[in-house]
Amino acid sequence: MKRIYLDYNATTPIHSDVLEAMLPFLRDQFGNPSSVHWAGRQVSGAVEKAREQVARLINCSPAEVVFTSCGSEGDNFAIKGTLAGLKGQGNHIITTSVEHPAVLNTCKYLEGEGFDVTYLPVDKDGMLNLEDLKKAITKQTVLISVMWANNETGNIYPIHEIGAIARENKIRFHTDAVQAVGKIPVDVQAAKVDLLVLSGHKIGAPKGVGAIYIRRGSKLQALIHGGHQERNRRAGTHNVAGIVGLGAACKLAGQGMAESAARVRQLRDRLEQGIQEKVPQIKLNGHPEADLRLPNTLNVSFAYIEGESLLLNMDMKGIAASSGSACTSGSLEPSHVLGAMCVEVTLAHSSTRFSLGPETTEVDVDYVLEVLPPIVQRLREMSPLYNRKELTCEECQVIRKAH
Ligand code: PLP
């Protein structure tokens, strides 16, 4: 059976060059970079080289990069670390209603600790109104946290404008850029970002490694206490092979970004147009302007069917996609992102995310376009909601009486 992976926003395969770069550090170069002897020295240079590679991709100084274990750790560190670092200076955070759970649940936790959180609304396309942001700022606001791009819809947020508002009001600005880094240009200087989080496994590096950019001079309390690694900002022996892999992935992403974005966008558009042509009664979730979405992401609702059934049926044909975010799949709650966009609840339940990557081909897209429409048709024929249109008046009476 064919196997087609269209779930790159959930995770990506390790790029072959990244694996090559990592292998020596999984074999003979096993030292602890904090050790002063030859084995430590052998690897500490590799960690610093990776730091430079990460820094180059997002345009900061290597000293402003701290390695973490994942995006979720980075988000927790940025938010909790800022509030602890700025203790006594204010207790208000502004974020959005469409953040990843790594941010939303951190904010919920902080509400329990006595902080006030404003969750900015979005419109039906999933976009923010910057007037809402300006109005939400109070004397107590110490942190604004807005994601660079949304993992479910692919929507790209106006980070440069938000950075300017934050800087003007002397408020710390954190952005979860886990989905943006490697897919679109990210420049922390130009965007006036103070804290930025990225994750290795979304960009062809392994799982278990990430990084946070901490603008020089930003006071941030450590999340993980222990040894003196990462200049006392993040304790724990370095995941050397993972860090080397992250550095290599950042280098690759920087080298071919414009071409790979154009290539993947063309495939995504082919998929989007093909679905629009071949499947009636669908709804595109996210900004209708393709340029305001990540080039690889397409989120569609198929009226009258259950997203999970669609996923299972596609899976049986070898196609891997996702309903809502991977982190919440398995739960029957409709996506909070689509909920915030006021997508009608049955349409939210029928939403499916296709996220393409560097390995996706035209043949893959055409296979999906061949297999998907009959699956949708078959599931619709089985759906009582779809068939309800066909009911006679007598049948409607019977249903009404039964209720
Ligand atoms: N933020 C966003 C926008 C994400 O998409 C994800 C993962 O899907 C995360 C944070 C969490 O990253 P990680 O899986 O590395 O913890």
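Both ligands and their constituent atoms are indexed starting at 1 by order of listing. Worth saying up front: this structure is predicted, and the values here are computed from it rather than measured.
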### Task
Report the residues that fulfil ring pair (Phe, Tyr, Trp, His ring centres under 6.0 Å) with Phe25, sequence neighbours left out, ordered by chain and then residue number.
none

### Task
Answer yes or no on whether Lys183 is positioned over the face of Tyr8, meaning its NZ or CZ is under 6.0 Å from the six-membered ring centre and within 45° of the axis.
no

### Query
Do you know which of Arg216, Arg215, Lys219 makes salt bridge (charged side-chain N to carboxylate O under 4.0 Å, His left out) with Asp194?
Arg215

### Best match, Gly71, Ala180, Ala177: closest heavy atom to atom 12 (O) of ligand 1
Gly71

### Query
Relative to ligand 1, is Glu73 under 4.0 angstrom through side chain, backbone, both or neither, heavy atoms considered?
neither

Side-chain donor-acceptor pairs of residues 42-50 under 3.5 Å, sequence neighbours excluded:
from, atom 1, to, atom 2, distance (Å)
Ser44, OG, Arg41, O, 3.4
Glu48, OE1, Arg51, NE, 2.8
Glu48, OE2, Arg51, NH2, 3.2

### Query
For ligand 1, which atoms have a heavy atom of Ser72 less than 4.0 angstrom away?
11 (C), 12 (O), 13 (P), 16 (O)

### Query
Would Glu99 count as a contact of ligand 1 if the rule is a heavy atom under 4.0 Å away?
no

### Query
What atoms of ligand 1 come closer than 4.0 angstrom to any heavy atom of His201?
13 (P), 14 (O), 15 (O)

### Summary
CD1 of Ile224 to CD of Glu230, rounded to nearest 0.5 Å, is 11.0 Å

### Task
State whether the shortest distance between N or O atoms of Val178 and N or O atoms of ligand 1 falls below 3.5 angstrom.
no

#### Entry: Cationic tip of Lys2 above Tyr367 ring, under 6.0 Å, 45° of axis
yes

### Task
Using a 4.0 Å heavy-atom cut-off, say whether Asp75 meets ligand 1 through its side chain, its backbone, both or neither.
side chain

